[in-house]
Visitor: 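Before I ask anything, let me first share the structure, which is written out below as structure tokens.
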Amino acid sequence: MTEAAALPGQPRGGVLSGPATARAVNVLAPNASAMTLDGTNTWIVAEPGSGLAVVIDPGPLDEDHLAHVVATAEKQGMRVGLTLLTHGHPDHAEGAARFAELTGTEVRALDPALRLGDEGLAAGDVITTGGLELRVVPTPGHTADSLCFHLPADQAVLTGDTILGRGTTVVAHPDGRLGDYVDSLRRLRSLTVDDGVHTVLPGHGPVLEDAQGAVEFYLAHRAHRLAQVETAVENGYVAPGDVVAHVYADVDRSLWPAAELSVRAQLDYLREHGLI
């Protein structure tokens, strides 16, 4: 067993940018950080042989990156026919309006404030552009407007920040809610069990080859952290910052502000369920 295979979800090694499945190509944005990992994955998705592509999460407002996405599609003989957003965080959506100008496309998102055009996105929607089929999967929790896109032909799911290629994601309190997030993970698990999804195309980090393993890891991680937070409160750590310092002591301090968002979401969950 390789080292990568031993990690949750079996992350694929090698260069992040480039083809990931028969229908999905990643263009990595130059915005690497502790929160964005290697940068935002901007996905170009198209049916083989089609002249039309769908772009998911244009990423930050970076002219070179946006132009690179357009050029990558054009090199494959395609033009961008539609832009989709997994959610509204700037590292995924800030460049969407400018990208729409460059490509002449509509931008579809769950949040009306992010849309450009008449159509949004909702649970159960099926997107068919250039013969491609993408199914909209509601996955609130990281944010209230988070969506995933099921790509049945490649047995893959594009997860935005709901599942990352490395590490775990933040439940971004107060917009994000832990109960919603756990329900979303269970919804994704059903895709792996009932619909044969085995590949995760994340918003950050490498492609994951074991979608079910990734989801199970996330569910176990969330349950473990919740139990830790509950125990911390029982031991007198009440303020969110104190809980972070106690529970996330092994985490890089630069990530503690993000961890505090998740802790606040966990504290809300425990209160709502009468556990603290």
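All values below were derived from every heavy atom in this structure, side-chain atoms included, with hydrogens, water molecules and symmetry-related copies excluded.
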Visitor: Where the side chain of T169 meets the backbone of D161, is there a donor-acceptor pair that is under 3.5 Å apart?
Guide: yes
Visitor: Hey, are N26 and S17 close enough side-chain-wise for a donor-acceptor pair under 3.5 Å?
Guide: no
Visitor: Think R222 forms a cation-pi with F217, using NZ or CZ under 6.0 Å from the six-ring centre and within 45 degrees of its axis?
Guide: no
Visitor: Would you kindly confirm whether Y218 and L7 end up in one hydrophobic cluster when ILVMFWY residues are joined by side chain heavy atoms under 4.5 Å apart?
Guide: no
Visitor: Should E216 and R189 count as an ion pair when the cut-off is N to O under 4.0 Å?
Guide: yes
Visitor: Has D180 got a side-chain atom pairing as donor or acceptor with A144's backbone, closer than 3.5 angstrom?
Guide: no
Visitor: Check V207, V157, L208 against T199 for a side chain to side chain contact (heavy atoms under 4.5 Å, CB included) and give me the one that passes.
Guide: V207
Visitor: For N41 and P202, indicate whether the former's side chain and the latter's backbone hold a donor-acceptor pair under 3.5 Å.
Guide: yes
Visitor: If you measure only the distance, is there a donor-acceptor pair under 3.5 Å linking the side chains of D268 and H173?
Guide: yes
Visitor: Does D154 form a side chain to side chain contact (heavy atoms under 4.5 Å, CB included) with L151? I'd like the steps, not just the answer.
Guide: CA-CA 6 Å; D154 284 350; L151 179 56; 3.5 Å; yes
Visitor: Check whether any side-chain N or O of T129 sits under 3.5 Å from a backbone N or O of G81 as a donor-acceptor pair, and report yes or no.
Guide: no
Visitor: Report whether V200 and V170 are members of the same hydrophobic cluster (ILVMFWY, side-chain heavy atoms less than 4.5 Å apart, transitive linking).
Guide: yes
Visitor: Hey, what's the ring geometry for H87 with H92, parallel, tilted or perpendicular (30° and 60° as the breaks)?
Guide: tilted
Visitor: Do you reckon L201 sits in the same ILVMFWY cluster as L37, going by side-chain contacts under 4.5 Å, direct or chained?
Guide: no
Visitor: Should the pair R108-D125 be classified as a salt bridge under the 4.0 Å nitrogen-to-oxygen rule?
Guide: yes
Visitor: Quick check: is L226 connected to V182 through a chain of hydrophobic side chains (ILVMFWY, heavy atoms under 4.5 Å apart)?
Guide: yes
Visitor: Does S254 offer a backbone N or O that forms a donor-acceptor pair with the side chain of D252 under 3.5 Å?
Guide: yes
Visitor: Are any of the side-chain heavy atoms of V229 and L270 separated by less than 4.5 Å?
Guide: yes
Visitor: Which distance, rounded to the nearest 0.5 Å, do you find between the CZ of R187 and the OG1 of T192?
Guide: 13.5 Å
Visitor: Could you check whether R177 pairs with E272 (Lys NZ or Arg NE/NH1/NH2 to Asp/Glu carboxylate O, under 4.0 Å)?
Guide: yes
Visitor: How far apart are the C-alpha atoms of I127 and E133, what are their side-chain angles, what is the distance that settles it, and do they pass the side chain to side chain contact (heavy atoms under 4.5 Å, CB included) test?
Guide: CA-CA 6 Å; I127 296 158; E133 180 182 315; over 6 Å; no
Visitor: With a 6.0 Å cut-off (strictly less than), is the heavy-atom count around CG of N235, excluding the residue itself, greater than 12?
Guide: yes
Visitor: Assess whether side chain to side chain contact (heavy atoms under 4.5 Å, CB included) is satisfied between V263 and V247, documenting all intermediate values.
Guide: CA-CA 9 Å; V263 164; V247 172; 5.8 Å; no
Visitor: Whether R115 and E106 form a salt bridge (side-chain N of Lys/Arg under 4.0 Å from carboxylate O of Asp/Glu) is what I want to check.
Guide: no
Visitor: Is the closest side-chain donor-acceptor distance between S146 and T162 under 3.5 Å?
Guide: no
Visitor: Verify the cluster assignment for V137 and L147: are they in a single hydrophobic cluster under the rule of side-chain heavy atoms below 4.5 Å apart?
Guide: no
Visitor: Can you name the nearest heavy-atom pair linking T40 to N31, along with the distance?
Guide: N-OD1, 2.8 Å
Visitor: Measuring only between side-chain heavy atoms, which start at C-beta, is P30 closer than 4.5 Å to H65?
Guide: yes
Visitor: Atom CG of L85 and atom CD of E94: how far apart are they, to the nearest 0.5 Å?
Guide: 12.0 Å
Visitor: Quick one: pull up CG in L110 and CG in L121 and give me the separation to the nearest 0.5 Å.
Guide: 7.0 Å
Visitor: Quick one: does H204's side chain get under 4.5 Å of D91's, heavy atoms only?
Guide: yes
Visitor: Provide the closest heavy-atom pair for S184 versus P140 in the form atom of the first, atom of the second, distance.
Guide: OG-O, 2.6 Å
